[in-house]
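Within every chain, numbering begins at 1; the chains are lettered A, B, ... in the order of the sequence lines, protein sequences first and strands thereafter. The structure presented is a predicted model; accordingly, all values stated were derived computationally and were not measured.
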There are 2 protein chains.
Amino acid sequence: MAIIRKTKSVEALLTLFNKAENAMSVVELVKQLEDEMNKTTVYRILERLEESGHLHSFIGKDGLTWYAKCKDCDEAHHHDAHPHFQCLNCGKVECLSVDVSIPKIPNREVVVSHVLIQGKCESCVK
Amino acid sequence: MAIIRKTKSVEALLTLFNKAENAMSVVELVKQLEDEMNKTTVYRILERLEESGHLHSFIGKDGLTWYAKCKDCDEAHHHDAHPHFQCLNCGKVECLSVDVSIPKIPNREVVVSHVLIQGKCESCVK
DNA sequence: TTATATTTGCAACCTAGTTGCATTAATAAT
DNA sequence: ATTATTAATGCAACTAGGTTGCAAATATAA
């Protein structure tokens, strides 16, 4: 099920992601949008936006799901091999436009790889 | 809180991990040990075994917590920079003894990095 | 063997995420 | 425009992984 209809709720989500510099956790999104839409709706729209290539998701170290806007991706090709950086101090999560090279693994077929780096972000390292 | 006392439950967990070739999810462990011990106990022992350096944990793509035996780690040094491989076909999760080099990221301090690779494992790729 | 401190079991709880279904709203057809 | 069709939403109830407080049990030290 891809994104088909442009509803107020969809627009609201997209606006948020256009403004946002960093990735956002679903928990955060649900809280931030609780006056505008139902929690279930948030989950469902995020799902659709991911399938249509507008967003990509990943699981943080805390086990929560995070979403970020796809920068170098379109409907056809999804380059989500970039690592995600989670600040241990302020909690911020960002997409890094660095390439992590995953080594070829003998006798195995690699489909996707997820790299999550934790540490101190630019603001917190000072 | 590190591991202090060698109880039956602790032995049971350690035995499982010594036999196991692959990583095990907590869900799996709880189910497998439900006749021997309480779910809470499983969680608490795993916690202690991780703090004491016997096991390391990571979050799978499904959001579940997985544990595996530390091979090249001791109490003092924890080398968990190795990637984890999750088979999309059979679900098996294994530790790979390959080194993934995380690039230096400008103005950021890297503390830990988690690499999760998904694809087809040796048995399923055939 | 007794004292002390850690472990365990249990039940209740927390919360992220899901599901079914009736209602509403967006697009397509007339 | 109006109606028909189909997707999107809200709501409430639910699932499941993980946590917590506390009393009872068990391992180690004395």
query: How long is the gap from OH on B/Tyr67 to CG on B/Leu55, to the nearest 0.5 Å?
result: 7.5 Å
- prompt: Distance from A/Leu88 atom CG to A/Ile117 atom CD1, nearest 0.5 Å?
  reply: 11.5 Å
Quick one: [X] [atom1] to [N] [atom2], roughly how many Å, whole number?
{"X": "A/Glu28", "N": "C/dT15", "atom1": "CD", "atom2": "P", "answer": "17 Å"}
{"X": "B/Asn38", "N": "D/dA23", "atom1": "CG", "atom2": "P", "answer": "17 Å"}
{"X": "B/Leu64", "N": "D/dA16", "atom1": "CG", "atom2": "C1'", "answer": "10 Å"}
{"X": "A/Lys8", "N": "C/dA26", "atom1": "NZ", "atom2": "P", "answer": "8 Å"}
{"X": "A/Ile59", "N": "D/dG17", "atom1": "CD1", "atom2": "P", "answer": "14 Å"}
{"X": "B/Leu33", "N": "D/dG17", "atom1": "CG", "atom2": "C1'", "answer": "16 Å"}
{"X": "B/Glu11", "N": "C/dT8", "atom1": "CD", "atom2": "P", "answer": "11 Å"}
{"X": "A/Ile45", "N": "D/dG10", "atom1": "CD1", "atom2": "P", "answer": "8 Å"}

Just compare [options] and give me whichever is closest to any side-chain atom of [X].
{"X": "A/Lys39", "options": "D/dA12, D/dG17, C/dG17", "result": "C/dG17"}
{"X": "B/Arg5", "options": "D/dT9, C/dT19, D/dT28", "result": "D/dT28"}
{"X": "A/Thr7", "options": "D/dG10, C/dA26, C/dT8", "result": "C/dA26"}

query: Does B/Arg48 place a side-chain N or O at less than 4.0 Å from the phosphate oxygens OP1/OP2 of C/dT8?
result: yes
- request: Give a yes/no on whether any side-chain N or O of B/Ser9 is located under 4.0 angstrom from OP1 or OP2 of C/dT8.
  value: yes
- line: When A/Val42 and B/Thr65 are each assigned the nearest nucleotide of DNA chain D, the 5'-most assignment goes to A/Val42
- prompt: What about A/Arg44, does its side chain sit under 3.5 Å from the base of D/dG10 through a donor-acceptor pair?
  reply: yes
message: So B/Val26, base contact, sugar-phosphate only, or nothing? Heavy-atom distance under 4.0 Å.
response: sugar-phosphate
- prompt: So what does A/Thr40 touch, heavy atoms closer than 4.0 Å: a base, only the sugar-phosphate, or nothing?
  reply: base
query: Is there a donor-acceptor contact under 3.5 Å from the side chain of A/Gln86 to the main chain of A/Gly60?
result: no
message: Could you check whether B/His114 and B/His56 have their ring centres less than 6.0 Å apart?
response: no
- prompt: With a cut-off of 6.0 Å (strictly less than), are more than 12 heavy atoms of other residues, nucleotides or ligands near CG of A/Asp99?
  reply: no
